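Reckoned from all heavy atoms, side chains included, excluding hydrogens, waters and symmetry mates. This is a predicted model, so every value here is computed, not measured.
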Amino acid sequence: MCGIVGIVSHHPVAQTIYDALLVLQHRGQDSAGIVVCDGNKLNLRKDNGQVRDVFHTRHMLKLTGNMGIGHVRYPTAGCSSSAEAQPFYVNSPYGITLAHNGNLTNVDKLKAELYESDLRHINTESDSEALLNVFAHELHKCGSLNLTPDEIFTAISATHRRIEGAYAVVMMLTGKGIIGFRDPRGIRPLVYGRRQGDAGSEYMVASESVALQAAGFELVADLKPGEAIFIDASGQLHKRQCAASSRLSPCIFEYVYFARPDSIIDDIYVYKARLRMGVKLARKILRQMPKHDIDVVIPIPDTSRPSAMELAFHLGVKFREGFIKNRYIGRTFIMPGQKLRKQSVRRKLSPIDIEFKGKTVLLVDDSIVRGTTSQQIIQMAREAGAKKVYMASAAPPVRYPNVYGIDMPAAQELVAHDRDEAQIAEYIGADWLIYQDLEDLVDAVQKGNRSIKRFDCSCFDGHYVTKTIDDDYLSKISDQRNDSAKEKVDEQVNVVGMELHNNA
């Protein structure tokens with residue numbers, strides 16, 4: 001999962017892109033990058049780390065230009081390498097830079113084609129670099145010196161025919177404009193907005209509407225699945241449907257966890273969807289435990305708070321903040337490496353003892369993935385004096401890996417993969433555990449936009465909305481994502497880092 005942004009303006013854009021990336025930081029904390037175009041010259045800065053760490057004043061002063069793109073990265077293969085920080089660049093044709101959110105599921109085939117047929121070299125393991133080179137090759141075939149929007153859209157259509165998976169993309173053609181497009185299922189979000197400046201219209205493309213709002217842009221629309229836009233350097237917007245067939249099937253986990261609550265995705269208010277999740281879960285609790293003994297509902301900060309508030313209201317019990325969050329620790333789910341996730345939980349959360357002592361507590365989380373974080377939080381609640389600790393998940397059991405850009409672990413490392421609810425409760429140390437039903441989750445989200453007939457719920461039901469996901473592919477990503485594989489990669493990165501430090 002990553003955050004992307006692109007801007008065409010009549011004024012310098014580096015600061016606006018920086019501010020937008022800060023707003024999108026929740027989508028990735030591994031690396032950040034900005035590239036701006038000043039005439040026909042590109043100015044690039046990218047590195048590992050969060051936005052505030054990568055960009056200092058000396059860097060920002062060099063990022064001159066009225067057009068640019070930015071990226072915050074979260075590694076889908078568990079690798080933290082500055083070589084894979086985005087935006088990526090290829091010099092031919094025209095000079096193209098790319099920022100991508102999602103995951104291509106046919107990347108091995110693409111890399112073979114790029115080398116054997118397109119005669120292009122791929123320098124990293126990133127599927128994003130492969131996507132960039134596919135588009136560059138297609139644009140080279142149909143483009144001319146005086147590039148037209150029709151030629152750009154033709155190249156995007158050809159790119160759609162070659163790539164598979166999930167992708168929301170912004171690209172910059174040096175001196176010519178910004179491109180944005182979304183995969184034919186619309187799995188990953190992408191919106192665009194307009195701001196009226198003193199010299200004319202300015203446009204921004206971003207992963208979430210909050211980035212537009214923070215920069216003073218008015219939300220125009222979500223890009224439709226398979227739709228592309230091109231904003232030329234003068235600020236003219238061109239738009240076309242470029243995929244032969246499309247069907248909106250957004251990832252439902254965006255609404256559960258990844259997106260900010262103040263975002264609007266595909267005309268659905270994320271905050272409202274999470275409130276409705278709480279209502280649905282409260283009704284299920286009352287069905288299963290009509291004479292419950294819950295004294296207090298406590299959210300696990302921050303994503304679960306709307307669901308927990310509404311759940312408490314409908315149960316008729318107190319809602320309390322039982323954990324204080326250290327704001328200087330990132331989101332544990334998207335931290336690269338299981339060791340970092342484990343280490344950060346107790347650093348991140350501190351219990352307020354008085355809210356736990358002698359009480360039957362219902363903890364509410366947005367989801368339960370590995371179960372290791374839940375174990376530690378339940379233990380913290382007991383240490384704070386809770387009489388009983390119940391656990392509620394606003395999402396159904398996560399039983400299958402996500403292949404569209406969320407680095408969920410190998411299936412066997414998911415706590416719900418081969419356990420029922422009673423076994424999961426025992427594993428995490430809860431006195432009782434309840435999950436949201438998938439039908440209720442879908443209805444809670446879908447109520448915001450009934451025109452959406454299908455969501456990607458693959459991590460809950462194992463049904464993938466693209467057709468190429470088979471057992472061989474799932475086995476391959478399991479080998480890449482299991483903890484031992486990630487630990488080897490992290491060790492290699494640490495060794496390289498030590499060698500660079502010693503040689504410096």
Flag yes if more than 12 heavy atoms outside [X] fall under 6.0 Å of its [atom1] atom; otherwise flag no.
X: Asp471; atom1: CG; result: no
X: Arg195; atom1: CZ; result: yes
X: Glu218; atom1: CD; result: no
X: Glu426; atom1: CD; result: no
X: Glu125; atom1: CD; result: no
X: Phe313; atom1: CZ; result: no

Side chains of [X] and [Y]: does their closest heavy-atom pair fall under 4.5 Å?
X: His292; Y: Leu362; value: no
X: Ile406; Y: Phe258; value: yes
X: Asn326; Y: Arg347; value: no
X: Lys272; Y: Tyr255; value: no
X: Tyr464; Y: Leu474; value: yes
X: Gln412; Y: Ser478; value: yes
X: Asp365; Y: Met391; value: yes
X: Tyr390; Y: Asp293; value: yes

Aromatic rings Phe253 and Phe460: how do their planes relate, parallel, tilted or perpendicular, breaks at 30° and 60°?
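Correct class here is tilted.
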Which heavy atom of [X] sits nearest a heavy atom of [Y], and at what distance?
X: Gly322; Y: Glu355; value: CA-CB, 4.4 Å
X: Ser393; Y: Asp366; value: OG-O, 3.9 Å
X: Ile368; Y: Ser374; value: CG2-OG, 3.7 Å
X: Asp470; Y: Tyr473; value: OD1-N, 2.8 Å
X: Ile34; Y: Pro87; value: N-CD, 3.9 Å
X: Val415; Y: Arg370; value: CB-O, 3.0 Å

[Y] backbone acceptor or donor facing [X] side chain under 3.5 Å:
X: Gln436; Y: Ala394; result: yes
X: Arg188; Y: Tyr404; result: yes
X: Asn103; Y: Val403; result: yes
X: Asn106; Y: Arg162; result: yes
X: Ser157; Y: Cys242; result: yes
X: Gln241; Y: Pro225; result: yes
X: Ser263; Y: Ile265; result: no
X: Ser207; Y: Ile4; result: yes
X: Asp431; Y: Val389; result: yes
X: His417; Y: Arg399; result: yes

Test side-chain contact (heavy atoms from CB on, under 4.5 Å) on His71 and Cys2 and set out the steps.
CA-CA 7 Å; His71 186 268; Cys2 302; 3.4 Å; yes
How long is the straight-line distance from [atom2] of [Y] back to [atom1] of [X], given to the nearest 0.5 Å?
X: His238; Y: Arg240; atom1: NE2; atom2: CZ; value: 10.5 Å
X: Cys251; Y: Asp266; atom1: SG; atom2: CG; value: 11.5 Å
X: Phe88; Y: His100; atom1: CZ; atom2: NE2; value: 10.5 Å
X: Gln29; Y: Gln25; atom1: CD; atom2: CD; value: 6.0 Å
X: Phe55; Y: Lys46; atom1: CZ; atom2: NZ; value: 11.0 Å
X: Gln196; Y: Glu202; atom1: CD; atom2: CD; value: 8.0 Å

Would you call [X]-[Y] a salt bridge at under 4.0 Å N-O?
X: Asp262; Y: Arg260; result: yes
X: Glu310; Y: Arg274; result: no
X: Glu227; Y: Arg182; result: no

Side chains of Thr468 and Glu164, donor plus acceptor under 3.5 Å:
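Thr468 vs Glu164: donor-acceptor pair found between side chains.
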Evaluation steps, ring-ring contact (aromatic ring centres under 6.0 Å, His included), between Phe181 and Phe153:
CA-CA 10 Å; Phe181 62 90; Phe153 292 135; 9.9 Å; no
For a side-chain contact (heavy atoms from CB on, under 4.5 Å) check, start with the C-alpha distance between Ile300 and Thr373, then their side-chain angles and the critical distance, and finish with the verdict.
CA-CA 10 Å; Ile300 297 173; Thr373 298; 5.9 Å; no
Should Leu98 and Phe135 be marked as a side-chain contact (heavy atoms from CB on, under 4.5 Å) after you check the CA-CA gap, both sets of side-chain angles, and the distance that decides it?
CA-CA 10 Å; Leu98 166 142; Phe135 174 78; over 6 Å; no
Solution key, residues 277-291 side-chain donor-acceptor pairs under 3.5 Å, sequence neighbours excluded:
from	atom 1	to	atom 2	distance (Å)
Lys280	NZ	Asp443	OD2	2.7
Lys284	NZ	Tyr435	O	2.7
Lys284	NZ	Asp437	OD1	2.7

Taking the six-membered ring for Trp and the single ring otherwise, decide whether the centroids of His160 and Tyr167 are under 6.0 Å apart.
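Ring centroids of His160 and Tyr167 are less than 6.0 Å from each other.
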Quick check: Phe230 with Tyr203 (ring centres under 6.0 Å apart)?
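No.
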Full working for side-chain contact (heavy atoms from CB on, under 4.5 Å) between Asp456 and Asn402:
CA-CA 10 Å; Asp456 172 60; Asn402 183 285; 4.1 Å; yes
Name all residues meeting the ring-ring contact (aromatic ring centres under 6.0 Å, His included) criterion together with Tyr192; count only those two or more places apart in sequence or in a different chain, and write none if there are none.
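Counting only residues at least two positions away or on another chain, Tyr192 forms no ring-ring contact (aromatic ring centres under 6.0 Å, His included).
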